[in-house]
Amino acid sequence: MAYNHQEIEKKWQQYWREHKTFKAENKFDLPKYYVLDMFPYPSGAGLHVGHPLGYIASDIYARYKRHQGFNVLHPMGYDAYGLPAEQYAIQTGTHPEITTGKNIKRYRQQLDQIGFSFDWDREVRTSDPAYYKWTQWTFIQLFKSWYNKKTDKAEPIADLIKQFENTGNAGVEAACDEVEIFTADQWKQMDEKQQQEMLMHYRLAYLSKTMVNWCPALGTVLANDEVKEGLSERGGHPVERKLMKQWSLRITAYAQRLLDGLEKVEWPDSLKEMQRNWIGRSEGASLSFQLADKDVAPEGIEVFTTRPDTLFGATFMVLAPEHELVEKITTPEQKEEVEAYTLWAKNRSERERMTEVKTVTGKFTGAYAVNPLTGKNVPIWVADYVLSGYGTGAIMAVPAHDSRDFAFARHFELPIIQVVAADAEGQREDPSQWDESYDAKEGVLINSGFLNGLSVKQAIRAAIDKLEEMKIGTGKINYRLRDAIFSRQRYWGEPFPIFYKEGMPYPLSEDELPLKLPEVDKYLPTETGEPPLARAKNWKTKEGYPLETNTMPGFAGSSAYYLRYMDPHNNKEYFSKEANQYWRNVDLYIGGDEHAAGHLIYSRFWNKFLFDLGLACEDEPFQKLINQGKIQGRSSFVYRVNIEKYAEYLLWEKMKHLENAKNVVHQYKDGRRKFDFYHPDKELIIEIKRRENLEKLKPYYEDYIKTTNKRLILIPAADIIENMDLTIAEITQVLEATDKGVIFNWGKVRDLKPLFVSKNIPDREKFSTPLHVDINMVDNDVLDTEAFKKWLPEFADAQFILEEGKYICGHEVEKMSKSKHNVQNPDDLIEKYGADTLRLYEMFLGPIEQDKPWDTKGIEGVSRFLKKMWRLYFTEDNVLQVTDEEAGEAERKVLHKTIKKIRSDIERFSFNTGVSAFMICVNELSDLKCHKREILKPLTILLEPYAPHFAEELWQKLGHTESISRVDFPEYNEKYLKEDSFAYPVSFNGKMRFKLALPVNMPKEEIEKAVLAAEEAQRWLEGKTVRKIIVVPKRIVNVVVG
RNA sequence: GCCUGAGUGGUGGAAUUGGUAGACACGUUGGACUUAAAAUCCAAUGAGCAUUGCGCUCGUGCGGGUUCAAGUCCCGCCUCAGGUACCA
């Protein structure tokens, strides 16, 4: 009995708490380091082993940085608003705050058990009024700001108003909705409401009627990143498009800066790429097509294209079904068809549209536009492959060079003109023979008037120049990114600090914040379909103006929490300037990549806005980011025997064995009827059934037999399984006899207990189905059959077909989930092995950024390692045996090699190899029987980031009275690592044959000689010529012979 | 379809710049200690061949290539995972 983890861990957790060991002071003279985890949503299920993975990694890094003298900010908090608590409230009436509070308590308990070095004094909760006051405050700032493209930043709306008053909006370059030009006088003549409406088109937080993702099941609107494949991310409910008046954030104003910022952060490439795709920048031109009949729509049709070079090949146009011109331009003859089509298209759900990507639909409007370069009339179609939300909702179709346009043209027999050819010869092909479009981004223009002979790149430039000259178009950059829909028709979220006066929204004054979430009688929409907040009594301002009833979405509170941690108790401002100047931004951020298109974009946007306001001093919030991989579950399976199939299988095997099989048809079919066996000579059908089915099916068989001359014997499955020989005898008897009809002996029917077959029993898959079994009853794939019987009442009298006396389970790697019975919660493991072992093991599993399956069986290895390390310090009787004797060369080499390795592994976030290095070190020190302070003291510090309780205890036992947490990290000394000789692997023609120890500083020529002279070399040299010798010092010798 | 990333023993994984493939650990097998079990310790453990010893051959998803030397670099595929999807 040596290392008592339970006692030690409790002791040090208490010490840290009492001494506030990990409190990060705003001590501005020390170098800072900010390590952050993505804060969790506290769900009711608590933590499973996957959650702490990233926290352990960041904790190791944070502790390592403290050892290097950094003032480390390593906070934790809770993303406390969320749908599950609200859904629970709807079902049970329990206030979400109560549920959330309970869950947070459990999370805290679990987190504390693992020994994280969080500064809990800085905890934030997004649902805490003291916190969301600043979420609301930021919203007001967004509301009061507009984006000036000239200065490329957000500016106060008050300044914009001044400009309107002085010069109107003509000179304003803003990221805004489409607005008409007005003069200063016109502005002044507008009434208050008109002015407010105009300003709404400019605000960064604005109210507008837009197409939103409406999820009827959740009763709320969702942002684009909350919708996955047409279903809600939470719950997987269908989502439909709906026009609604909603708050949005003008994140599109920041699209370019969000893209550019990616260049200067150290994030995984895949994540940056995901954000780039999400932002979706494309360069091209916007131009307008005039209608052939100008009177119908004098403004023409504006389109965006990335390929203005192909304009000569634009043979038709397509409008989205929602496009406002559709109704206007459709000719009377086409009206009926087009109306029917647009109605149909608008009512299709997102999901339908997605699953039917390949089907081509559309209608001709009857109208024509004029191709501005060719002057030819091109027909205007309406089709749902053009999206109203992207570009202008209208396109010029170039079927020869765009696959979708091509498919459309083929389907509706529209003309296809090739305008780009592969080579300079301008090779012409006949597009009518093509199977697909030629989507080339390189090539030479043909059939294109003044563009002929130019490369694609040159032609794009030339075409834009021409359009600008003709004043019908201009070069333009378009983004896929949409403004973020910010309203939720939900209770459990931040209330908007907004009230309405004559239908127009106004912000509350800042001294009225926080606007607290009111009590409601039910967490459901009102009878008239208004959000739950409409149920609150007196939900209005002091003056009696009604307050906004929507609440903010989940990402509101998480968008700037990292800033609040810098100064979490400040009730005068978001955070103080000094605190922000000092902590600046997050140096290391660890979390899952599921937030790539959500939180990680929103918070970058939010931060950039605060940067523009002069509040945040860094314009990128997260300097380095690591995505920790997911820990997948390792499910175990038992194989439940299908009694009928099994009996049938046994009987067939027996028949084959008795060589009766050739007389019998297995799985006999007569029309649509199927039978287990048929003996054609004797016209006997053999059917095997379970007890329940015997009764049910007997009349059915009798019916069948009546119409044929066949006989049928019904055999209870249990008979075969329990007494095969008797059954065979019975069948043989019936075969020889001449009984007619259905032969069946009721007297013998018995019940069979549930039966399970071990994994490697031959043909198991033929007669059994896998069933998830709780992984806690399985050890090393062996099922604890007694525990299994107790698991569920229906298995109480289960029986097993074993192999070598054991029941072996199958396994599969899947998502960790309750329903798969493969959830591993950390509490049990901590109880059994301790937090330090759990920490080491989670790191030991594999690279931090990789997904990996959880399997408890390896945990013994790290547990043994800690025990083995303990024995370097203590005797069998737990007496300290550390000596002050001077360490030998070998011991020093082990230590310094380990210091070097551990340092470099932590710095490159390779925590799994770090754990291996500790194991190697302890194995080697054990072999050397090393108990020397000179070695063990630095080793203790080295281990502290990984196994802090263990290290603290050893540190104290070594005679120290202060915590180990801020002791200098050991440095390695090259001089102990120097080797006099190196064992050269000697290869012949690239194959390693033997090793030869040679002095490190031996010159190449001498190494060659020594190798050729070596005894082991002779058999490889025999009868061969040495053609070349490659010597890489301290690496390898390769002899080329031939 | 497009964009990322990954494929190495029975398992998790290591090999950092092209230089001894399989570190470390689990599991398995054998042994020691023990009345017994647990714990601990020792040995073996990629596959195949040969086992009288030396050993030999193959081997990092598949097929080619570059190189004295390829898990690592290049070309072409296959499979899996994640993201995204009429984005003009």
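Just so it is clear: chains get the letters A, B, ... in the order the sequence lines come, proteins before strands, and each one is counted from 1.
- For A:Ser904, taking side-chain heavy atoms from C-beta onward, the closest of the listed nucleotides B:C87, B:G12, B:U16 is B:U16.
- Here, B:C41 and B:A25 have their P atoms 11 Å apart, quoted to the whole Å.
- To the nearest angstrom, C1' of B:C68 lies 12 Å from NZ of A:Lys1004.
- Distance check on atom P: B:A47 versus B:G22 gives 14 Å, rounded to whole Å.
- Remark: A:Arg604 is positioned above the aromatic ring of A:Trp267, its terminal NZ or CZ atom under 6.0 angstrom from the ring centre and at most 45 degrees off the axis.
- Base-pair partner of B:A39: not found among the strands shown (Watson-Crick or G-U wobble, both distances under 3.5 Å).
- Regarding contacts with the backbone of B:A88, every side-chain N or O of A:Arg480 stays at 4.0 angstrom or more from both OP1 and OP2.
- With both ends at atom C1', the span from B:A23 to B:G1 equals 42 Å, rounded to whole Å.
- Contact between the side-chain N/O atoms of A:Arg634 and the OP1/OP2 oxygens of B:C26 is not found at any separation under 4.0 Å.
- Legend: salt bridge (Lys or Arg N to Asp or Glu O under 4.0 Å) pairs involving residues 906-920 of chain A, not counting sequence neighbours, sorted by first then second residue: A:Asp905-A:Arg908.
- Counting to the nearest Å, the C1' atom of B:A81 and the CG atom of A:Asp851 are 8 Å from each other.
- For the pair A:Asn912 CG and B:A23 P, the computed distance is 15 Å after rounding to whole Å.
- Partner of A:Ile1030 under the side chain to side chain contact (heavy atoms under 4.5 Å, CB included) criterion, out of A:Ile1036, A:Val1037, A:Val1040, A:Val1039: A:Val1040 alone.
- On the P atoms, B:A70 is 11 Å away from B:U20, given to the nearest whole Å.
- Contact annotation for A:Arg276: no contact, since no heavy-atom pair falls under 4.0 Å across all strands.
- Nucleic acid contact for A:Arg404: base, since at least one base atom lies under 4.0 Å from a heavy atom of the residue.
- Residue contacts shown for A:Asn923 are limited to sugar-phosphate atoms, with no base heavy atom under 4.0 Å away.
- Across A:Ala917 and A:Thr898, no two heavy atoms sit closer than the pair O-CG2, 4.3 Å.
- If you check every strand for non-hydrogen atoms under 4.0 Å, A:Ser270 touches sugar and phosphate atoms only.
- In this model, the phosphate group of B:U40 is not approached by any side-chain N or O of A:Arg871 to a distance below 4.0 Å at OP1 or OP2.
- B:G61 and B:G7 have their P atoms separated by 8 Å, with the value rounded to a whole Å.
- In this structure, A:Arg281 reaches neither bases nor backbone, as no heavy-atom distance under 4.0 Å exists between it and the strands shown.
- Using a 4.0 Å heavy-atom distance criterion, A:Lys901 is classed as a base contact.
- The nucleotide B:U79 finds its pairing partner in B:A6, both defining distances of the Watson-Crick or G-U wobble pair being shorter than 3.5 Å.
- Base pairing annotation: B:C33 forms no Watson-Crick or G-U wobble pair, as no partner gives both donor-acceptor distances under 3.5 Å.
- Base engagement by A:Lys995 is indicated by at least one non-hydrogen atom pair under 4.0 Å involving a base atom.
- Spacing between B:G13 and B:U60 at atom C1', rounded to whole Å, works out to 13 Å.
- When the C1' atom is used for both B:A37 and B:A43, the distance is 23 Å, rounded to whole Å.
- Heavy-atom neighbours of A:Gln1018 CD from other residues, nucleotides or ligands within 6.0 Å: above the threshold of 12.
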Original post:
Could you go step by step and tell me if A:Leu838 and A:Tyr833 meet the side-chain contact (heavy atoms from CB on, under 4.5 Å) rule?
Top reply: CA-CA 7 Å; A:Leu838 178 75; A:Tyr833 297 101; over 6 Å; no

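- Residue contacts shown for A:Ile1030 include a base, since a base heavy atom lies under 4.0 Å away.
- In this structure, CZ of A:Arg1027 is placed 17 Å from C1' of B:U67, rounded to the nearest angstrom.
- Between A:Gly858 and A:Lys991, it is A:Gly858 whose nearest contact on RNA chain B lies nearer the 5' terminus.
- Note on A:Val1040: only backbone sugar-phosphate atoms sit closer than 4.0 angstrom, heavy atoms only; bases stay farther off.
- Within the 4.0 angstrom heavy-atom criterion, no nucleotide atom of any strand lies near A:Glu860.
- The glycosidic torsion of B:G9 lies within 90° of 0, placing the base in the syn range.
- A:Thr837 and A:Tyr3 share no donor-acceptor pair across their side chains, judged by distance under 3.5 Å alone.
- Residue contacts shown for A:Pro268 are absent, as no nucleic acid heavy atom lies under 4.0 Å away.
- Using a 4.0 Å heavy-atom distance criterion, A:Ser282 is classed as a sugar-phosphate-only contact.
- Pair check for B:A69 finds none; no Watson-Crick or G-U wobble contact set falls under 3.5 Å.
- The NZ atom of A:Lys630 sits 8 Å away from the P atom of B:G82 (whole-angstrom rounding).
- Side-chain contact of A:Asn1038 with A:Lys1028: a donor-acceptor pair under 3.5 Å is absent, judged by distance alone.
- Interface residues of residues 308-316 of chain A facing RNA chain B, ordered by number: none; criterion, heavy-atom separation under 4.0 Å.
- Within the nucleic acid shown, A:Arg864 comes within 4.0 Å of sugar-phosphate atoms alone, with no base atom in reach, counting heavy atoms only.
- You'll find that the side chain of A:Arg993 is closest to B:C56, out of B:C68, B:C56, B:C87.
- Nucleotide B:U11: paired with B:A25 (Watson-Crick or G-U wobble, both distances less than 3.5 Å).
- Counting only N and O atoms by type, the side chains of A:Ser635 and A:Glu814 include a donor and acceptor under 3.5 Å apart.
- Sequence order on RNA chain B of the closest nucleotides to A:Ile395 and A:Arg908 puts A:Arg908 first from the 5' end.
- Counting non-hydrogen atoms under 4.0 angstrom, A:Trp267 reaches nothing in the nucleic acid.
- Here the P atom of nucleotide B:G27 and the OH atom of A:Tyr841 are 10 Å apart, to the nearest Å.
- Partner assigned to B:G1 is B:U84, using Watson-Crick or G-U wobble distances below 3.5 angstrom.
- B:A23 atom P lies 14 Å from atom CE of A:Met919, rounded to whole Å.
- Taking atom C1' on both nucleotides, B:C68 is separated from B:C73 by 16 Å, rounded to a whole Å.
- In this structure, A:Lys857 does not reach the B:G27 phosphate: none of its side-chain N or O atoms is under 4.0 Å from OP1 or OP2.
- Heavy-atom neighbours of A:Arg276 CZ from other residues, nucleotides or ligands within 6.0 Å: above the threshold of 12.
- Pairing for B:G46 is with B:C58, a Watson-Crick or G-U wobble pair whose two hydrogen-bonding atom distances lie under 3.5 Å.
- If you take NZ of A:Lys815 and C1' of B:G82, they are 14 Å apart, rounded to a whole angstrom.
- Proximity of A:Gln850 to the phosphate of B:G13: a side-chain N or O atom is located under 4.0 Å from OP1 or OP2.
- For A:Lys897, the NZ atom is densely surrounded, since the number of other residues' heavy atoms within 6.0 Å is greater than 12.
- With sequence neighbours excluded, the residues that form a ring-ring contact (aromatic ring centres under 6.0 Å, His included) with A:Tyr341 are A:Trp344.
- Of all nucleotides present, none satisfies the Watson-Crick or G-U wobble test against B:G18 with each distance under 3.5 Å.
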